Participant: 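Here's a structure for you.
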Amino acid sequence: MGSKRQTAATVGDRGPVETPSGDTENLLGQDDSTPCFVYVLAFFSALGGFLFGYDTGVVSGAMLLLKKEMNLNALWQELLVSSTVGAAALSALCGGSLNGWLGRRICILVASFIFGVGGVILSIAQDKVVLLAGRIVVGLGIGIASMTVPVYIAEVSPPHLRGQLVTINALFITGGQFVASVVDGVFSYLSHSGWRYMLGLSTVPAVLQFFGFVFLPESPRWLLQKGRSQEACQVLSRIRGDQNIDEEYDTIKASIEEEEREAGAGGVVILRILSHGPTRRALVVGCGLQMFQQLSGINTVMYYSATILQMAGVRDDKQAIWLAAATSATNFVFTLVGVWLVDRVGRRKLTLGSLLGTGLSLTLLAVGFLLSAQNSPPVTFHPVDPHNSTCRLYSSCDLCMLDPYCGFCFRENGTTVSESSCVPVSQASTDHAAWGRCFNNTEESDGPIWAYNYCPTSYSWIVLLGLILYLASFAPGMGPMPWTVNSEIYPLWARSTGNACSAGVNWIFNVLVSLTFLHVAEFLTYYGAFFMYTGLVVLGLLFVYGCLPETKGLQLEDIENLFTGRLCSCGGLSANESRYVHYTRVKGSNYLQSDSNASDVQ
Ligand SMILES: O[C@H]1[C@H](O)[C@@H](O)[C@H](O)[C@@H](O)[C@H]1O
């Protein structure tokens with residue numbers, strides 16, 4: 001690919017420019033009012049994000065009931081949780097070719113159909129094998145939705161609203177997780193069939209999305225790429241209302257023609273991406289962002305929030321479930337802040353600020369765990385262990401807690417811990433000890449207390465504060481931005497494959513981090529684990545600082561030009577600097593440099 005367009009926006013492009021006040025406005029004074037139809041499209045697509053959030057979030061509550069009813073051992077519990085994420089990784093990776101072949105609309109229809117089928121299988125499952133099949137089916141839907149929806153929304157949105165609309169998908173993900181936690185709370189009182197409702201309820205948004213998309217149009221950019229110009233033109237006029245679509249249509253068409261001319265239409269897309277500098281760099285940025293999103297530990301915080309809250313003094317299971325709902329509510333509310341900020345401050349600043357806050361709050365979490373460990377109550381009572389387990393070897397609660405086979409049994413008088421022992425956990429349930437005083441957990445106020453996975457501590461408020469600050473910093477930036485940025489940075493021919501790869505990376509690191517958390521904590525202790533995440537966030541900060549360019553307000557067709565320089569030089573080029581270098585497209589010729597006040601030559 002020789003002569004690449006150097007433009008940030010071609011003159012005549014109806015994309016917005018930044019005014020001195022920082023607001024975006026249209027270059028040629030085109031009416032900015034956005035037709036409602038774009039919002040309808042964004043809403044129905046983002047239901048895919050909702051299902052992604054709901055299905056990944058609901059399982060923790062369902063598991064509490066399932067493990068009792070189906071007598072699930074630890075392996076089966078892990079299988080039921082991680083099979084979904086594993087299947088999502090696989091289908092996200094395959095979703096690229098599916099997207100290029102069938103189009104965004106059909107892929108969303110397929111994903112919602114799969115979600116629906118998965119929901120039905122889960123709600124009627126009679127044994128654990130069927131449950132596992134249902135969870136895998138749901139995972140396949142999540143993977144396709146997670147890579148298609150952001151692309152579709154980005155392709156139908158006008159540039160000045162694109163960030164906000166794609167970020168709405170991330171808002172729906174956290175919204176899905178929040179609704180799931182409330183549903184978990186409500187149905188946890190129905191100890192027999194509660195899990196059927198929890199897992200089956202996802203069918204409702206799936207059906208809604210399916211029927212919505214039967215009537216909604218395909219992405220005009222994909223249609224044009226497939227040579228279906230007339231349909232593309234019709235869809236574009238439909239989604240832009242009374243605005244003039246000529247310039248946008250021409251820009252997309254010219255960009256596709258140029259790409260095809262230069263790249264030759266053939267070849268395996270991933271190889272073409274890797275052999276072409278700008279797309280290779282975009283792919284590294286996209287995958288790096290997704291990797292660092294997961295490495296900053298969001299899902300350990302989400303999955304283990306109940307444990308963290310128990311450490312903070314919440315003993316009752318039901319109360320812990322409801323407080324975990326408050327955690328996902330915080331994640332959701334602060335993602336709203338992200339939606340509000342993304343087109344105001346831009347992707348780069350938002351991501352950098354978010355990572356900085358995430359790093360600081362992870363440090364606070366680590367310090368909270370460190371202080372709790374240093375002041376961990378000692379083991380003072382040594383009952384005779386009939387099986388000579390390893391638990392009798394530990395001298396403090398902190399050490400006892402890190403062994404998954406042991407728990408801490410103690411009495412409490414105000415803030416004083418007494419008669420404390422480290423004893424094996426029951427194999428049937430982590431709710432009580434295998435034998436001894438904490439075998440019958442009667443929850444009497446003056447009876448012994450059974451602590452599995454946490455220690456009584458007076459520093460728990462630091463941990464709690466760290467948790468809240470973590471979510472408040474992560475949710476507006478590092479949560480949604482990797483999805484938003486990935487939907488924008490690839491040229492059309494590489495967009496579905498680029499998003500498939502980066503979504504795959506997200507899911508693979510999701511499995512990796514959440515499956516290893518307890519082992520990492522066992523080796524490094526809890527505070528060691530959180531210090532490790534802090535270190536990874538610092539690496540992420542350096543990566544984003546050096547490599548993530550600003551894409552705010554640019555036409556999708558112009559974003560590739562931000563990656564023409566060396567990899568980690570893009571951070572230095574802000575949208576403002578690049579935006580004012582405009583190139584004029586003259587029919588059939590190359591691009592001539594112009595200034596932003598030039599008139600439309602075409
Ligand atoms: O952007 C989302 C969001 O932040 C979720 O809360 C998290 O569970 C997902 O892994 C992530 O991809």
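As the structure is a prediction and not an experimental result, all values here were calculated from the model. Along the sequence shown, residues are numbered consecutively beginning with 1. Note that ligands are numbered from 1 as they come in the structure, with each ligand's atoms numbered from 1 the same way.
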Participant: Measure the distances from the heavy atoms of Gln294 to every atom of ligand 1 and state whether one is below 4.0 angstrom.
Facilitator: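 Contact check Gln294 vs ligand 1: positive.
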Participant: Can you check whether Phe115 and Phe210 have ring centres sitting under 6.0 Å from each other?
Facilitator: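 No: the rings miss the under 6.0 Å criterion.
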Participant: Using a strict cut-off of less than 4.0 Å between a Lys/Arg side-chain nitrogen and an Asp/Glu carboxylate oxygen, indicate whether Arg347 and Glu488 qualify as a salt bridge.
Facilitator: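 Yes, Arg347 and Glu488 are salt-bridged.
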Participant: I want to know if ligand 1 touches Phe52 in the polar sense, i.e. an N/O pair below 3.5 angstrom.
Facilitator: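 The answer is no, given that Phe52 and ligand 1 share no N or O pair closer than 3.5 Å.
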Participant: Check each atom of ligand 1 against the heavy atoms of Asn506 and keep those under 4.0 Å away; list them by number with element.
Facilitator: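 Every atom of ligand 1 under 4.0 Å from some heavy atom of Asn506: 12 (O).
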Participant: Which of the atoms of ligand 1 are close to Asn331, meaning less than 4.0 Å from one of its heavy atoms?
Facilitator: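 By the 4.0 Å cutoff, the relevant atoms are 6 (O).
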Participant: For the 3.5 Å polar cut-off, considering only N or O atoms, please tell me whether Thr174 and ligand 1 meet it.
Facilitator: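 No; every N/O pair is 3.5 Å or more apart.
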Participant: Examine Trp340 together with Phe334 and report whether their ring centres are nearer than 6.0 Å.
Facilitator: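 They do not qualify: ring centres at least 6.0 Å apart.
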Participant: Heavy atoms only: which of Asn299, Asn169, Thr335 is nearest to atom 10 (O) of ligand 1?
Facilitator: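 Of the listed residues, Asn299 has the closest heavy atom.
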Participant: Are Arg348 and Tyr545 in a cation-pi contact, defined as NZ or CZ under 6.0 Å from the six-membered ring centre and within 45° of the axis?
Facilitator: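 Yes; both conditions hold, so Arg348 lies above the ring face of Tyr545.
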Participant: Could you grab the distance from atom OG of Ser496 to atom OH of Tyr152, nearest 0.5 Å is fine?
Facilitator: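 Here the rounded value is 15.0 Å.
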Participant: Suppose I only count heavy atoms of Trp483 and a 4.0 Å limit; which atoms of ligand 1 are within that range?
Facilitator: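 Numbered from 1, ligand 1 contributes 1 (O), 2 (C), 12 (O).
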Participant: Ser219: which residues meet the side-chain hydrogen bond (donor to acceptor under 3.5 Å, both in side chains) condition with it, sequence neighbours left out?
Facilitator: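 Expected list: Glu155.
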Participant: With heavy atoms of Gln293 as the reference, note each atom of ligand 1 found under 4.0 Å away.
Facilitator: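 Here the atoms of ligand 1 in question are 1 (O), 2 (C), 11 (C), 12 (O).
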Participant: Test ring pair (Phe, Tyr, Trp, His ring centres under 6.0 Å) on Phe369 and Tyr526 and set out the steps.
Facilitator: CA-CA 6 Å; Phe369 278 110; Tyr526 274 86; 5.2 Å; yes
Participant: Report, in ascending order of atom number, the atoms of ligand 1 lying under 4.0 Å from any heavy atom of Phe474.
Facilitator: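 The list of qualifying atoms is 4 (O).
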Participant: Out of all atoms in ligand 1, which are within 4.0 Å of some heavy atom of Gly479? Include the element for each.
Facilitator: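 Answer for ligand 1: 1 (O), 4 (O).
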Participant: Using a 4.0 Å heavy-atom threshold (strictly under), name the region of Gln177 that reaches ligand 1: side chain, backbone, both or neither.
Facilitator: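 The answer is the side chain of Gln177.
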Participant: List for me each residue that meets ring-ring contact (aromatic ring centres under 6.0 Å, His included) alongside Tyr470, sequence neighbours excluded, and say none if there are none.
Facilitator: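 Here the qualifying residues are Phe474.
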